[in-house]
Amino acid sequence: MGSRWLCILACTVALLCTLVPFAHAAVMSIDYGTEWFKVGLIKPGMPLDVALNKDSKRKTQSVVTIRHDERIYGGDAISLAGRFPHLTYSNLKSIIAKKYDDPLAQEFRRRYINNMIVDNERDMPVFIHNETTQLSIEELIAYQFQNAKHQASVTAGEKVKDCVITVTPFANQFERQAILDAAELAGLNVLTLMHDETAVALNYAVNREIGKSAENHIFYDMGAGSTVASIVTFSNVETKDGKISKTAPQLEVRGVGFDRTLGGHELDVRLQQLLIAGFMKANGNRVSTDIKTSSGAMTRLMKEANRVKQILSANTETMASIESLHEGIDFKLKVTRAELEDICKDLIARVRNPLQTALDTANMTVDDIQSVVLVGGGVRVPSVQKQLMDLVGAQKIAKNVNADEAAVLGAAFRGASLSNQFRLSKQISIKDVTLFPIEVSYKPENKGKEAKTAVDTTLFNKFDNIGTRKIMTFNRVNDFEFDLSYGKNSAAGVDGIAKVKVTGLTEAMKKHKDDIKASEIPPKVRISIELSNSGLVSVPEATLQIGKLTFKEKVKSFFGGKDSKDAEAEKKDEEAKQKNETAKADGSNDAKNNTAAEEAKESVSITKIPLAVEFIPTGLAPLSEKDKAIAKKRIAELDALDTRKKLREESRNALETFVYKVQDFLYNDVVELVATESDIEKFRERLSEVSDWIYDEGEHADTPVFTSKLKELQLIEQPIQHRVREYNERDNNIHLVDSTIKLAREFVANISQVAEDLRYHTEEELDGLLTAAEKLEDWMAEKVAAQKKLANTDDPVLVTSHVVDRAQTVKEHLLKLMSKKKPKVPKKTPEVPKNDTEKEQNVSNEDSEKTQQETTESETPAATSEEHEHDEL
């Protein structure tokens, strides 16, 4: 099913993508999960696919071990976790952008042995790795992003930087910013962040034709750390490009439900506790310490718990088994699916909640849904599927997407649509939402004095579209500030987002006071607040706007002329003055508002003065520029160490490979002919010495030492290789010269058979070819004679490179003559006959000449023979 689906996807993307001719840059995606991450890649000339890691796997564990300044990833890190748990970092996504006392951070400290402390400046967790190194969560994730970037670059055959990274839809401002900071440290250019389930939905839409009527599908995603259910409506919408109308597919997120802590990893933890209890029950009287005190044993039990859970997804029972688990004691325990479901029954009871919440928020019922698409590793658990089937019916449960790879492939396709390296003939528009309302809190200003009580305004409501910008208008005369925060009880995990300071207003009001007095329209401060496609709130600009009435409006005002529109505008302006501040959405579709705006533009001249905006995060402190600089420096140093290690490994492997290859080579029969027995024996001894050195002192040697030893052995090997090669090629060289000389002489002989008046090669040219052939023959006879006098162990005088050069001289001479074209004989212009008798005579003469020419040509086979020889050569 997976391979068939992948073929369909590859073909679809190939049809949709028309590549820019000059583009050569690839785009990658990272589906970063609590337990695993996947890397997607799309490149001009390559189909959309998953980039393999160094073990040729399609997904990699989200784990990094740092030992002796070496970063080890994925499966290799998991293998080391049992021996070096304090140097191995996993499950980092669960604590990204969390305070030190957050329940998830506290749970992390209970489960893992890493030395976590509080960063007093940020009130967030950091790890003390060793005496000199302190690592932030962002830096550790950046290491894994670097590994993902390396996978994509190796697959693409070029450096890849542009990427799309998936995040959970309930990620708040600081969790999203932390992912972006980690990507920056890793040297990635993030085109956008994308919600996991939206990426799956896009992948779903790419492979299907959307019908005339809208379809509603639920994407239920249970990963290792959390569960999300998103309702997405697929439809075809009509868009206008100027006067041209066209229909394009669209996916719109209608409702979302989630559970932050319901995931497959929690099942692993419960199962690990079951195994712990089983071990202590069987061996409590044989061990001197509780197994929980052994970090290595706990790590191995967690790995075994994950394996057992996967087996129980397809079987009703299995055996957990670990050799020498604790204090040298082997461990075996039978585990049944019923036991797993019993210890996780409270978790299983929460499975329905995200799906039901999504239905409620979208104001839909199960009948409105066409299918429930299962995504993520957690949905493989039979009891999870049973809960969902009981809620929506078995017939609506769909398993027609690749649960592991749908998100990463959808995100890569999104990256292609955003990158200027690709042009898509078919665009799929996306309407995604924010799960948390965003409020603006400010203190109004009246006659230059700020009120004591703040006013709260909801700027972005729950389930408003992301990728939008709104404008707030303030009646202000002095510098001011306001707060951005998530709405109360929003479940965002934090309340505050940022404090925004607007400066330069006081100074601008003084500088332009004359313009303001003359304007007859109160000045206003307009502030743009953006909710980006990545789900981040920002304040890109603020301006002071001074309006001046046009001459037409001044005359109208002087004579007291007011129409209904003017009166309405004056009334609204008065209301605005009383409230002091108003907020409105930019780009409203209300036709009346648009008309009023156009009329305002015609009647008022606007002067815009830019103001300074300072965006100060308040909920949590993101990674500072100072901390980023320190992390980037450390990453650069580790990268340099990785490069040196790679070069060392390559030089070591080259030396080791050479030793094995030459040891086999010395047993070749020809080697025994061209090298003395003593030379061969000495060489074997030297190879044996180097081989022993590689596995002894060589374990700590540097690249130059390996390179030096390789060059030393190559100097010994090269003369022997040269003699072997020349010995094997000697007969071929002699045959090459003989055939070249023969070909040249046959060519001259064939030309000599042609009548002199039909030849177009001169005697000098033919003699020159024969002379060149004779010289080659004499030279070859001399070299053959000299070679026979030498022993096979001597350096040969008849060398292939010399033979090829000499023979090539004759071949080029021959080819030059053979490619010489026959000169064209100019045609005589026939005289115009004076009468019919002359015409008949001329025709008779022409026929006679034609017959004679045909007879002559048929009697000269030499020319045909010459052409035949040319074709053979």
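Note: hydrogens, waters and symmetry copies are ignored here, and every other heavy atom, side chains too, is used. For this chain, numbers begin at 1 and follow the sequence in order.
Counted by atom type alone, Asp268 and Gln272 present zero donor-acceptor pairs between their side chains at under 3.5 Å. A donor-acceptor pair shorter than 3.5 Å cannot be found between the side chains of Glu107 and Thr261. Side chain to side chain, Thr227 and Asp259 fail the donor-acceptor criterion of an N or O pair below 3.5 Å. Side-chain N/O atoms of Asn533 and Thr192 include no donor and acceptor closer than 3.5 Å. Residues Ser485 and Asp495 bring no donor and acceptor atom of their side chains to less than 3.5 Å of each other. Checking Thr293 against Asp290 by side-chain atom types alone, no donor-acceptor pair falls below 3.5 Å. Judged purely by distance below 3.5 Å, without hydrogens or angles, the side chains of Glu327 and Thr289 pair a donor atom with an acceptor atom.
Nearest heavy-atom pair across Gly328 and Ser324 is CA-OG, 3.4 Å. Pairing each heavy atom of Gly296 with each of Pro85, the nearest pair is N-CG, 4.3 Å. Nearest approach of Ser90 to Tyr112, heavy atoms of both residues: OG-CE2, 3.5 Å. Minimum interatomic distance between Ala148 and Phe37 (heavy atoms only, all atoms of both residues): CB-CE1, 3.8 Å. Pro125 and Lys98 make their closest contact through CD-O, 2.9 Å (heavy atoms, listed as atom of the first residue, atom of the second, distance). Between Leu271 and Ala305 the shortest heavy-atom distance is CD2-O, 3.2 Å.
Here the side chain of Asp31 pairs no donor or acceptor atom with the backbone of Lys38 at under 3.5 angstrom. A donor-acceptor pair is defined here as one N or O able to donate and one able to accept, closer than 3.5 Å; such a pair exists between the side chain of Ser136 and the backbone of Glu139. Counting only distance, with no hydrogens or angles, the side chain of Gln134 and the backbone of Val126 share no donor-acceptor pair below 3.5 Å. Remark: side-chain polar atoms of Gln61 are paired, donor with acceptor, to backbone N or O of Gly75 under 3.5 angstrom. The backbone N or O of Arg307 lies less than 3.5 Å from no partner atom in the side chain of Gln310, so there is not a single donor-acceptor pair. Remark: the backbone N or O of Ala199 is not paired with any side-chain donor or acceptor of Asn203 at under 3.5 angstrom. With Asp702 contributing its side chain and Pro704 its backbone, the two residues share no donor-acceptor pair below 3.5 Å. Here the side chain of Thr299 pairs no donor or acceptor atom with the backbone of Gly82 at under 3.5 angstrom. Not a single donor-acceptor pair under 3.5 Å links the side chain of Ser534 to the backbone N or O of Leu536. A donor-acceptor pair is defined here as one N or O able to donate and one able to accept, closer than 3.5 Å; no such pair exists between the side chain of Ser419 and the backbone of Ala416.
Each of Leu52, Thr60, Val160 was scored for a side chain to side chain contact (heavy atoms under 4.5 Å, CB included) with Gln151, with one residue passing: Thr60.
Residues that satisfy the side chain to side chain contact (heavy atoms under 4.5 Å, CB included) test with Asp404, not counting sequence neighbours, are Lys59, Arg380, Asn402.
The shortest distance between side-chain heavy atoms of Glu304 and Phe331 does not fall below 4.5 Å. The closest side-chain heavy-atom distance from His265 to Met302 is below 4.5 Å. No side-chain heavy atom of Leu623 sits under 4.5 Å from any side-chain heavy atom of Glu184. Using a 4.5 Å cut-off on side-chain heavy atoms (C-beta onward), Leu92 and Tyr32 make contact. Within the 4.5 Å cutoff, no side-chain heavy atoms of Val228 are placed close to those of His195. Considering only heavy atoms from C-beta on, Arg58 comes within 4.5 Å of Asp49 through its side chain. Looking at Phe279 and Ile322, their side chains never come closer than 4.5 Å, going by heavy atoms from C-beta outward.
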Exercise for the section: Before giving the answer on side-chain contact (heavy atoms from CB on, under 4.5 Å), spell out for Phe108 and Asn114 the whole-Å C-alpha distance, their side-chain angles and the decisive distance to 0.1 Å. Expected result: CA-CA 9 Å; Phe108 188 97; Asn114 306 103; 4.0 Å; yes
Practice task
Would you check, one step at a time, whether the test side-chain contact (heavy atoms from CB on, under 4.5 Å) holds for Asp639 with Arg71?
Solution key: CA-CA 9 Å; Asp639 287 346; Arg71 293 166 295 181; 2.7 Å; yes
Practice task
Go through Thr166 and Val408 one step at a time and tell me if the side-chain contact (heavy atoms from CB on, under 4.5 Å) criterion holds.
Solution key: CA-CA 8 Å; Thr166 64; Val408 74; over 6 Å; no
Exercise for the section: Under the side-chain contact (heavy atoms from CB on, under 4.5 Å) rule, what do Asp196 and Val375 come out as? Steps first, then yes or no, please. Expected result: CA-CA 10 Å; Asp196 299 288; Val375 186; over 6 Å; no
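For CD of Glu121, the number of neighbouring non-hydrogen atoms (other residues, nucleotides, ligands) closer than 6.0 Å is 12 at most. Within a 6.0 Å radius of CD in Glu323, no more than 12 heavy atoms belonging to other residues, nucleotides or ligands are found. Shown here is Lys628, whose NZ atom has more than 12 heavy atoms of other residues, nucleotides or ligands within 6.0 Å. Around NZ of Lys632, the count of heavy atoms belonging to other residues, nucleotides or ligands within 6.0 Å exceeds 12.
With salt bridges taken as basic N to acidic carboxylate O contacts below 4.0 Å, one links Glu266 and Arg270. Using a 4.0 Å cut-off between a side-chain N of Lys or Arg and a carboxylate O of Asp or Glu, Arg652 and Glu699 qualify as a salt bridge. One finds no salt bridge joining Arg109 and Asp101 here, because no Lys/Arg side-chain nitrogen approaches an Asp/Glu carboxylate oxygen to under 4.0 Å. A salt bridge links Arg122 to Glu138: at least one charged side-chain nitrogen sits closer than 4.0 Å to a carboxylate oxygen. A salt bridge between Arg634 and Glu637 is absent, with no side-chain N of the basic residue lying under 4.0 Å from a carboxylate O of the acidic one.
Note: Tyr89 and His129 have tilted aromatic rings, judged against thresholds of 30 and 60 degrees for the angle between ring planes.
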